[in-house]
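The block underneath contains the structure these notes are about, expressed in structure tokens.
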Protein chains: 4
Amino acid sequence: MAVGTLERPKKRERTQLQLIEAAMRVFAEKGIGGAPVQAIAHEAGLANGTFYNHFATKHELIAAVVGHLMDTVSDQIAASVRGLDDPAEWVSVALRRFAEKAREDPIWGNVTVRLGSGVTDVSERITANMTRDLDEGIERGRFKVPTRQAAADAVLGVGLMGMLSASSGRTGPEHASHISAMALRSLGIDPTEANEIAHRPLPPIPEE
Amino acid sequence: MAVGTLERPKKRERTQLQLIEAAMRVFAEKGIGGAPVQAIAHEAGLANGTFYNHFATKHELIAAVVGHLMDTVSDQIAASVRGLDDPAEWVSVALRRFAEKAREDPIWGNVTVRLGSGVTDVSERITANMTRDLDEGIERGRFKVPTRQAAADAVLGVGLMGMLSASSGRTGPEHASHISAMALRSLGIDPTEANEIAHRPLPPIPEE
Amino acid sequence: MAVGTLERPKKRERTQLQLIEAAMRVFAEKGIGGAPVQAIAHEAGLANGTFYNHFATKHELIAAVVGHLMDTVSDQIAASVRGLDDPAEWVSVALRRFAEKAREDPIWGNVTVRLGSGVTDVSERITANMTRDLDEGIERGRFKVPTRQAAADAVLGVGLMGMLSASSGRTGPEHASHISAMALRSLGIDPTEANEIAHRPLPPIPEE
Amino acid sequence: MAVGTLERPKKRERTQLQLIEAAMRVFAEKGIGGAPVQAIAHEAGLANGTFYNHFATKHELIAAVVGHLMDTVSDQIAASVRGLDDPAEWVSVALRRFAEKAREDPIWGNVTVRLGSGVTDVSERITANMTRDLDEGIERGRFKVPTRQAAADAVLGVGLMGMLSASSGRTGPEHASHISAMALRSLGIDPTEANEIAHRPLPPIPEE
DNA sequence: GATGAATGAGGATTCATTCAT
DNA sequence: AATGAATGAATCCTCATTCAT
């Protein structure tokens, strides 16, 4: 190709990305089980054989999808939260980012939820971040909750269901804030304050 | 057989039930997709062909499992709640019953959650009941929530995640009450009251 | 049953006949291959297990159907032809009887043709009678044909196709005579005479 | 491969043809119903899975066999008849070609007849061509027949039965002419003339 | 790298037949 | 005899994966 050296090393990655994104589209529609490799390759505009030039097994693709899902948001969120001091705000920001993203990119939302409630890998990674924040908040006395487990269930639950509604288009633009507020209330934050925190402007996502 | 007339007419139903229960066990272990009909039939102590004397397709079995799941609890809950007047208590009782049942019968819990977050049918049926209660509470001013959708997301979310933790044995005996309390708080009930409601003794399940 | 002794010994036979007739109905609709024993038994108003009280295998039923088909007509035809002297008339009568019967009882016609062109047993038995008549006619110089085989092909061919049209309702009341005339012409009978023979009144069927 | 460019584009088609031809061999031996896809694939020297790279269902294969059967001859016949002016000769040529082909390629003959008298598709397509020729002959007064239906029954009948005898090796080299003559006689052609027409040399098959 | 035909083990479904009641 | 549940071999079809080009 004339453009030359600059894009050569990326071609492989680009094709992989094509496959990952195609996979998400197919997963969103037919569920993760019901998605033949052929369908994914075809959706990506490639022949089925090509798939195996990029992923050794279907499993590996799923792992890649999971990874991609995480990279897309989880870390960004972690970063965007870095400057903030209040655990309540951490939770609020994370929840809103997830929900917002799910509304903007329903396919992403759908697949994230499906994987999040099924594949251990994903749920663990999501949970890990969440749990760390919750623990900190509990320790500091910011959250008043019966147990860590109950807190995790509540926050994760609202988060996932909120994403699900968001990605199926059943929600308005405020939805992210709403579920965020509800989560905070369940963590023992006073309703008025919860509402206020849930409506603060989101901090900017720092450049990678 | 000596038992005689009493069990004759039920033979067919009993076998179906065997299959449904076997299916739940296998589903809980291998997920819903990864369960060959043969495995289910074998788990039920039957030959694979027998399966098809009772269900026309695997899909039909899944539907039956769903139906069975619902019948097992949903209606009991509805009944057990009937005498109560406070929407907050309805929600609390329902949530606790689900969580408790999930702890007692982890397989049931596991399968219910998996189906509840996957199969449209189930989630709709669960949601329908929940939503009715929530609406009533919202109308009466008992719940203070941003939107119906957010309320549904919160309650359903805690419910499902709570069942999941319960059925994986990560929880203590109080867990049902805990998540119930958190749900009530997110609905705008005062923490102290929420806690009190969540710990009231469960009303007895009326005879069928 | 009050009628008592007289019909007891026949009950078994009656049930068998029910099954045979049910089989013909199902065969006519779905072809002979595509007819599960269950479907046949059910069509006969019996449970599938009952089938095996009357026929040891499905094959045996088919044989019985074939036998029944033959008994119904072949022998009657043979008998009805007995008094006649002209081989041309034998052929004409046989052909017309078959076609007529097919028109009156389309199911019978349909099944006879299907079996006649498939199951060796049937075609052989049909052919045997036909061939005997043809041979006689050839020997006597009544038929002028290139070879016995060609003659058999012609007569059997018109016969089967004629039955097929008749049983699918594509024909008028004269059709039996028409194909009969055509067969005679192909056997070398003069058209005028062929026509006359084909329209003679059919001899009565003698009592069994 | 050294042969190179010449055979590349045909690979897929060649495999399909292999399957179609294998199918005909198996059908001829075991009947159409009694032919497992595995058997067909194996007969074609392929794995069973490969079958489904070429035909979505077994039914689709049967359709392809039918199509292939038709293409093999029907069109050639139509073409080879094109120059001729006498409807009687059309019928004669068509009938002889079919019968001859059936003698040369018994498998083809066998399968054609089985499908022709069973599968609606085939019989219709065969009939359509035949009927057109017959109609023309009737209109022009060349054929004297009671009804179109009777004519069709006669010609189709001799044709099919003739092919059947031919493909089971019961016939001599003249058989095609013989049945052709018989058909013409049944259509009202004078025996002497019928015989003459039936023995005229077959017109050459034009290049495609 | 890309292609798409080929592979074959795995899973769903059908159906003739047996058997306890 | 009748019943209908149970059986399991046979069959259709799917799909992850390999391979020659």
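Chain identifiers are assigned alphabetically (A, B, ...) following the order of the sequence lines, protein sequences preceding nucleic acid strands; residue numbering begins at 1 within each chain. All values below were derived from every heavy atom in this structure, side-chain atoms included, with hydrogens, water molecules and symmetry-related copies excluded.
- As a whole-Å value, the separation of Phe55(D) CZ from dA5(E) P is 13 Å.
- Regarding contacts with the backbone of dG4(E), every side-chain N or O of Arg12(D) stays at 4.0 angstrom or more from both OP1 and OP2.
- In this structure, CD1 on Ile20(C) lies 10.0 Å from CD on Glu13(C), to the nearest 0.5 angstrom.
- Remark: Thr72(D) engages no residue in a side chain to side chain donor-acceptor pair (under 3.5 Å) (not counting sequence neighbours).
- Looking at every heavy atom in both residues, Ala44(D) comes nearest to Leu19(D) through CB-CD2, 3.9 Å.
- Leu17(A) places a side-chain heavy atom less than 4.5 Å from the side chain of His68(A).
- Asn110(B) is linked by a side chain to side chain donor-acceptor pair (under 3.5 Å) to Arg114(B), counting only residues two or more places apart in sequence or in another chain.
- Atoms CD1 (Ile62(C)) and C1' (dA16(E)) sit 12 Å apart, rounded to a whole Å.
- In this structure, CG of Leu46(A) is placed 17 Å from C1' of dA5(E), rounded to the nearest angstrom.
- Remark: Ser168(A) engages Arg170(A) in a side chain to side chain donor-acceptor pair (under 3.5 Å) (not counting sequence neighbours).
- The side-chain heavy atoms of Phe27(D) and Ile107(D), taken from C-beta on, include no pair separated by under 4.5 Å.
- When rounded to the nearest whole Å, the span between CD1 of Ile40(D) and C1' of dA6(E) equals 18 Å.
- Here the options are Thr15(A), Thr57(A), Leu61(A), the test is side chain to side chain contact (heavy atoms under 4.5 Å, CB included), and the partner is Phe51(A); only Leu61(A) passes.
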- request: With pairs defined as Watson-Crick or G-U wobble and both distances under 3.5 angstrom, please note down DNA chain F as a dot-bracket string, | for pairing with another strand.
  value: .||||||||||||||||||||
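- Between Arg12(D) and His54(D), the closest side-chain pair of non-hydrogen atoms falls below 4.5 Å.
- Look at CD on Glu60(C): it is 14 Å from C1' on dA16(E), rounded to the nearest Å.
- OP1 or OP2 of dA2(E) has at least one side-chain nitrogen or oxygen of His54(A) nearer than 4.0 Å.
- Residue Glu60(B) qualifies as enclosed at atom CD: its count of foreign heavy atoms under 6.0 Å is above 12.
- Of the residues in residues 17-28 of chain A, none lies under 4.0 Å from DNA chain E by heavy-atom distance.
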task: Decide yes or no on side chain to side chain contact (heavy atoms under 4.5 Å, CB included) for Ile62(B) and Leu115(B), but give the supporting numbers first.
output: CA-CA 9 Å; Ile62(B) 295 180; Leu115(B) 286 172; 4.2 Å; yes
Distances under 3.5 Å between protein N/O atoms and the N/O atoms of nucleotides 11-15 of chain F, please, pair by pair.
unit_1	atom_1	unit_2	atom_2	d
dC12(F)	OP1	Lys58(D)	NZ	2.9
dC12(F)	OP2	Val37(D)	N	2.9
dC13(F)	OP2	Tyr52(D)	OH	2.9
dC13(F)	OP2	Lys58(D)	N	3.2

